[in-house]
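Written out below as structure tokens is the structure these notes cover.
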Amino acid sequence: MALQYFWYYRPDESFPPNPIVHPEQFGDSDRLNIACTQTPFSASRQKKIVDAWCDILPKLSNVRLLWFSSRVPQRLFKAACLAPRLEGLYIKWSGINDLAPLNKSGQLTYFHLGQSARISSIEPLGKARQLRWLGLELLSRVRDVSVIGKLVGLEGLWLEGSMGTTWRISTLAPLGTLSSLRYLSVANLRTDDMTLAGLFPLSNLAVFRAAKWWKPEEIDEIRRRNHALAEFH
């Protein structure tokens, strides 16, 4: 079986568990899936639900893996990053405007951030050297991803547009430093320099996902340099 993205949907393994709205619905598990916004409740009740989660998340010492299945505001993101044993954080989409709270989450190893139109910089990621898997999806205001080149321990990286919208960045060249990468997806992503040449230093890829608009000779070169490459699509 080919290497899968860390956050690959595996419901038969409770990955993720079923989403819950209220803190009192949560039992004693190391996995938690929250869907506490975009509810049919009144604005005042909605605020109280989010307030309750913001209060309890920093106290949930058993939670290692956390999913947010509804839109995440900045304050909820900040509270999540304070969960004491948090290793994995998946955010489907958000109203986050600042990633700095990540630096409070020293054990965070797996992070996925879905569409987040307010994010204009991913510079705080540069301090998250403990990350092993990182996913960023259609951060439409972000053009510079060079800070990712500092995360030399990454084993998996997902930089993708959405199903219907292409994400455009300046260049993939900084990713050439990520010598531990085994999984790389740049699906529906374009660059200003229109080249994959910056990825040529990589030699340990097992999976590489990209669109068909890249130069065939560059794809062939990536294949040649990565002898374990089992999957390309």
Side-chain angles (χ1 to χ4, degrees), residues 4-11 13-41 43 45-120 122 124-125 128 130-142 156-163 167:
Q4 298 282 7
Y5 183 49
F6 177 81
W7 296 104
Y8 183 73
Y9 183 58
R10 305 188 293 277
E13 300 176 21
S14 191
F15 195 95
N18 292 327
I20 60 175
V21 177
H22 304 280
E24 54 267 29
Q25 295 175 279
F26 181 54
D28 186 21
S29 172
D30 66 347
R31 300 179 183 183
L32 172 60
N33 185 359
I34 301 173
C36 67
T37 63
Q38 301 173 272
T39 66
F41 304 129
R45 185 175 178 189
Q46 175 75 83
K47 181 179 182 300
K48 289 180 180 178
I49 294 171
V50 174
D51 286 346
W53 279 114
C54 288
D55 180 63
I56 197 172
L57 278 168
K59 304 171 186 175
L60 294 180
S61 58
N62 288 337
V63 172
R64 296 189 306 107
L65 300 175
L66 173 60
W67 289 258
F68 282 106
S69 298
S70 60
R71 185 177 184 272
V72 177
Q74 182 73 29
R75 64 195 183 102
L76 192 56
F77 171 61
K78 182 178 180 180
C81 291
L82 295 175
R85 295 182 57 215
L86 190 66
E87 296 176 15
L89 176 60
Y90 181 98
I91 296 173
K92 184 177 181 180
W93 74 292
S94 87
I96 296 168
N97 53 41
D98 184 2
L99 291 177
L102 281 175
N103 300 144
K104 300 290 186 180
S105 188
Q107 297 185 60
L108 191 67
T109 308
Y110 317 102
F111 178 54
H112 179 98
L113 179 62
Q115 298 184 41
S116 300
R118 296 184 180 181
I119 292 286
S120 59
I122 59 171
L125 286 174
Q130 78 283 359
L131 285 176
R132 293 296 174 265
W133 284 78
L134 172 64
L136 302 175
E137 180 183 354
L138 192 60
L139 305 186
S140 54
R141 295 179 63 193
V142 174
L157 178 62
W158 163 302
L159 298 178
E160 293 197 1
S162 68
M163 288 289 290
W167 181 14

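Basis for what follows: all heavy atoms, side chains included, without hydrogens, waters or symmetry-related copies.
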Heavy-atom side-chain proximity of Leu57 to Leu66 below 4.5 angstrom: yes
Angle between ring planes, Phe6 versus Trp133, binned at 30° and 60°: parallel, tilted or perpendicular? tilted
Check whether any side-chain heavy atom of Ile91 sits under 4.5 Å from a side-chain heavy atom of Ile96, and report yes or no. yes
How close do Gln115 and Leu138 get, heavy atom to heavy atom, and via which atoms? OE1-CD2, 3.6 Å
Could you tell me which non-hydrogen atom of Leu113 sits nearest to which non-hydrogen atom of Leu99, and how far apart they are? CD2-CD2, 3.9 Å
Checking Asn97 side chain against Gln74 main chain: does a donor-acceptor pair fall under 3.5 Å? no
Evaluate the side-chain proximity of Val72 to Thr37: yes if any heavy-atom separation is below 4.5 Å, no if none is. no
Nearest atoms (heavy-atom pairs only) where Glu160 meets Trp158: OE1-CZ2, 3.2 Å
What is the minimum heavy-atom distance between Arg141 and Arg118, and which atoms define it? NH1-O, 3.3 Å
Between Lys78 and Asp98, does a salt bridge (Lys or Arg N to Asp or Glu O under 4.0 Å) hold up when you go through it step by step? CA-CA 9 Å; Lys78 182 178 180 180; Asp98 184 2; over 6 Å; no
Got a second to check how far Lys104's NZ is from Leu86's CG, nearest 0.5 Å? 15.0 Å
Let's go through Arg85 and Val63 carefully: what are the C-alpha distance in whole Å and the side-chain angles of both, what is the deciding distance for side-chain contact (heavy atoms from CB on, under 4.5 Å) to 0.1 Å, and is it a yes or a no? CA-CA 6 Å; Arg85 295 182 57 215; Val63 172; over 6 Å; no
Do Gln130 side-chain atoms and Ser105 backbone N/O form a donor-acceptor pair below 3.5 Å? yes
Non-hydrogen side-chain atoms of Leu131 and Leu108 separated by less than 4.5 Å: yes
What's the separation between atom CZ in Arg64 and atom OH in Tyr110, rounded to the nearest 0.5 Å? 8.0 Å
Distance (rounded to the nearest 0.5 Å) between Leu139 CG and Ser116 OG: 6.0 Å
Can a donor-acceptor pair be found, under 3.5 Å and without considering hydrogens, that links the side chain of Arg31 to the backbone of Ser14? yes
Which residue in the set Tyr8, Trp67, Tyr90 passes ring-ring contact (aromatic ring centres under 6.0 Å, His included) when paired with Phe15? Trp67
Looking only at non-hydrogen atoms, find the nearest pair between Leu65 and Trp7 and report the distance. CD2-CH2, 4.5 Å
Quick check for you: to the nearest 0.5 Å, what is the distance between Leu136 atom CG and His112 atom NE2? 8.0 Å
Side-chain heavy-atom pair Ile49, Cys36 within 4.5 angstrom cut-off: yes
In short, Phe68 meets Ala80 closest at the heavy-atom pair CE1-CB, 3.7 Å
4.5 Å side-chain heavy-atom contact, Phe26 and Ile34: no
Please evaluate residues Cys54 and Leu76 with respect to the criterion side-chain contact (heavy atoms from CB on, under 4.5 Å), reporting the C-alpha separation (whole Å), side-chain torsions for both, the decisive distance (0.1 Å), and the verdict. CA-CA 6 Å; Cys54 288; Leu76 192 56; 4.0 Å; yes
Could you check whether any side-chain heavy atom of Pro17 comes within less than 4.5 Å of a side-chain heavy atom of Leu32, counting everything from C-beta outward? no
Please work out whether the ring planes of Phe41 and His22 are parallel, tilted or perpendicular, with thresholds of 30° and 60°. tilted
